[in-house]
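Note sheet for the following structure.
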Amino acid sequence: MAYKFIITLFIIVNYLNLSVCYQVKDGPLLTYRPPWLKQCRRSDPKLNQCLNNLFDVMFPALAKGIDEINVDAFEPLYLDKVSVTKGSGAVTLSGSFLNLTVVGPSNSTPTYTDINLAKRKLNFGIYLPLLDIKSKYNLKGHILILPLVGHGNCEMKLAGVDTKVKAEISMHQKEGKEILRIDNMRVSFTVEKIRVRLDNLFNGNKVLGLTVNTFLNQHGLEIVQELEEPIGESLAQIFKDIINNVFTKLPTDLWLPQENETNATEKKS
């Protein structure tokens, strides 16, 4: 499922007044059920288990992209820009991350799925063993007790990312077909390990740059834990866009049919 596609931000500082450029594209509806798209009937007493398996099977195909419905590949995932602005408190920063490349989402695993169509609720979890993020950065400010000034290359590795998502959904009509849309979303997460490197801090001062990078790596998990709620709000917007970019192009009769709907046309190649 598209919810598996990404935790893509430089988590330590990406939490207030965030601007993320992710391209959501218009596209036609999928008109057939390909081999990677399993079908789960709404009356199935094991619907949640079926959906979890459905998402697990479909994700490798989505990660490669689906040209027919104008969905780009998600592995690697590209973000044009992440802008950061925070003007007070222990962390004060301004600047941005540019040309982000995220490798690793295709190795994620759905941990659970819980859908309630009557209440319009969809909850799910995913586990990502490793995310490798590379970008350019341009930042100025303070992180806790240390100043931070620099521009150059950024490398970030997130290990053991465990996410839990609660979403409100609705059904809509598009070209005479029913589609599912995410209306609101909340995201919480934990990270087992973080490694980060910012090159060219303080105009290339190696001593100051090493001090700041060492501090970030030593205290990254503490900072993430403190900022879980506001970071989750930022992630929710990205997740929502990515999921809607896919599932508003997948009629529910292909993957979540009602009892009175006939089997959708399949395509084997």
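These values consider heavy atoms only, across backbone and side chains, with no hydrogens, waters or symmetry-generated copies.
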For the side chain of N217 and the backbone of V196, is there at least one donor-acceptor N/O pair under 3.5 Å apart?
yes
Sequence neighbours excluded, which residues qualify as salt bridge (charged side-chain N to carboxylate O under 4.0 Å, His left out) partners of K177?
D253
Just to verify, what does N153 make a side-chain hydrogen bond (donor to acceptor under 3.5 Å, both in side chains) with, not counting sequence neighbours?
K136
Membership question, hydrophobic clusters at under 4.5 Å side-chain separation (ILVMFWY): are L98 and L198 in the same one?
no
Between CG on residue D162 and OG on residue S188, distance to nearest 0.5 Å:
8.5 Å
Residues forming a side-chain hydrogen bond (donor to acceptor under 3.5 Å, both in side chains) with N200, sequence neighbours excluded:
none
Which atom names give the shortest non-hydrogen contact between V71 and N245, and what distance separates them?
CG2-O, 3.8 Å
Residues in side chain to side chain contact (heavy atoms under 4.5 Å, CB included) with C50, at least two apart?
C40, D44
Do any N or O atoms from the side chain of N70 and from the backbone of P28 form a donor-acceptor pair under 3.5 angstrom?
no
So how far is it from M58 CE to I66 CD1, rounded to the nearest 0.5 Å?
6.5 Å
Please tell me whether L221 and L146 are part of a single hydrophobic cluster in this structure, the criterion being side-chain heavy atoms less than 4.5 Å apart.
yes
For the pair M185 and I243, evaluate side chain to side chain contact (heavy atoms under 4.5 Å, CB included) and give the outcome as yes or no after the intermediate values.
CA-CA 11 Å; M185 181 179 288; I243 293 172; 3.6 Å; yes
What is the distance from atom CD of Q39 to atom OG1 of T252, rounded to the nearest 0.5 Å?
10.0 Å
For the residue pair F97 and S135, what are the closest heavy atoms and their distance?
CD2-OG, 3.7 Å
Verdict with supporting geometry, L201 and Y137, side chain to side chain contact (heavy atoms under 4.5 Å, CB included)
CA-CA 10 Å; L201 286 166; Y137 82 96; 3.4 Å; yes
Hey, is the main chain of R181 close enough, under 3.5 Å, to the side chain of N244 for a donor-acceptor pair?
no
According to a 4.5 Å side-chain heavy-atom criterion applied to Ile, Leu, Val, Met, Phe, Trp and Tyr, with indirect links allowed, do F215 and L208 form part of one hydrophobic cluster?
yes
Distance from Q49 atom CD to T113 atom OG1, nearest 0.5 Å?
10.5 Å
Could you grab the distance from atom CD1 of I115 to atom CG of N52, nearest 0.5 Å is fine?
12.0 Å
Over all atoms of both residues, closest heavy-atom pair of H172 and S170
NE2-OG, 2.7 Å
F59 CZ to S108 OG distance, which is reported to the nearest 0.5 Å
4.5 Å
Let me see the working for L256 and L47 under side chain to side chain contact (heavy atoms under 4.5 Å, CB included), right down to the final yes or no.
CA-CA 10 Å; L256 190 62; L47 177 60; 4.0 Å; yes
Side-chain heavy atoms under 4.5 angstrom apart, residues restricted to Ile, Leu, Val, Met, Phe, Trp, Tyr: same cluster for L210 and V149?
no
Contacts of type side chain to side chain contact (heavy atoms under 4.5 Å, CB included), residue P129, not counting sequence neighbours:
N107, Y127
In short, side-chain hydrogen bond (donor to acceptor under 3.5 Å, both in side chains) pairs touching residues 203-213 with sequence neighbours left out are none
Show which residues join I179 in its hydrophobic cluster (side-chain heavy-atom contacts under 4.5 Å, direct or indirect), or state none.
L29
Which heavy atom in L128 sits nearest to a heavy atom in P105, and how many Å separate them?
CD2-CA, 4.0 Å
Whether the side chain of E75 engages the backbone of G104 through a donor-acceptor N/O pair (distance < 3.5 Å, no angle test) should be reported.
yes
Let me see the working for W255 and L51 under side chain to side chain contact (heavy atoms under 4.5 Å, CB included), right down to the final yes or no.
CA-CA 9 Å; W255 63 280; L51 287 173; 4.0 Å; yes
Are K140 and H151 close enough that some pair of their side-chain heavy atoms sits under 4.5 Å apart?
no
Hydrophobic clusters here meaning ILVMFWY residues chained together by side-chain heavy-atom distances under 4.5 Å, can you tell me if I69 and Y32 are in one?
yes
Heavy atoms only: give me the nearest G209-F202 pair and the separation to one decimal.
N-CD1, 4.1 Å
List in chain and number order the residues that pass side chain to side chain contact (heavy atoms under 4.5 Å, CB included) with A159, two or more places apart in sequence or in another chain; answer none if no residue qualifies.
L130, K193
For R197, the side-chain hydrogen bond (donor to acceptor under 3.5 Å, both in side chains) test, sequence neighbours excluded, returns E155, D199
Test salt bridge (charged side-chain N to carboxylate O under 4.0 Å, His left out) applied to D183 - qualifying residues, sequence neighbours left out:
none
Using every non-hydrogen atom in the two residues, find where V103 and P76 come nearest and quote the distance to one decimal.
CG2-CB, 3.8 Å
Residue K134 excluded, over 12 heavy atoms near NZ under 6.0 Å:
yes
Kindly indicate whether the side chain of L117, heavy atoms from C-beta on, has any atom under 4.5 Å from the side chain of Q258.
no
Side chain to side chain contact (heavy atoms under 4.5 Å, CB included) partners for K119, two or more places apart
N116, K121
What pairs with K164 under side-chain hydrogen bond (donor to acceptor under 3.5 Å, both in side chains), at least two apart in sequence or on another chain?
none
Can any side-chain N or O of K64 pair as donor or acceptor with the backbone N or O of P60 at less than 3.5 Å?
no
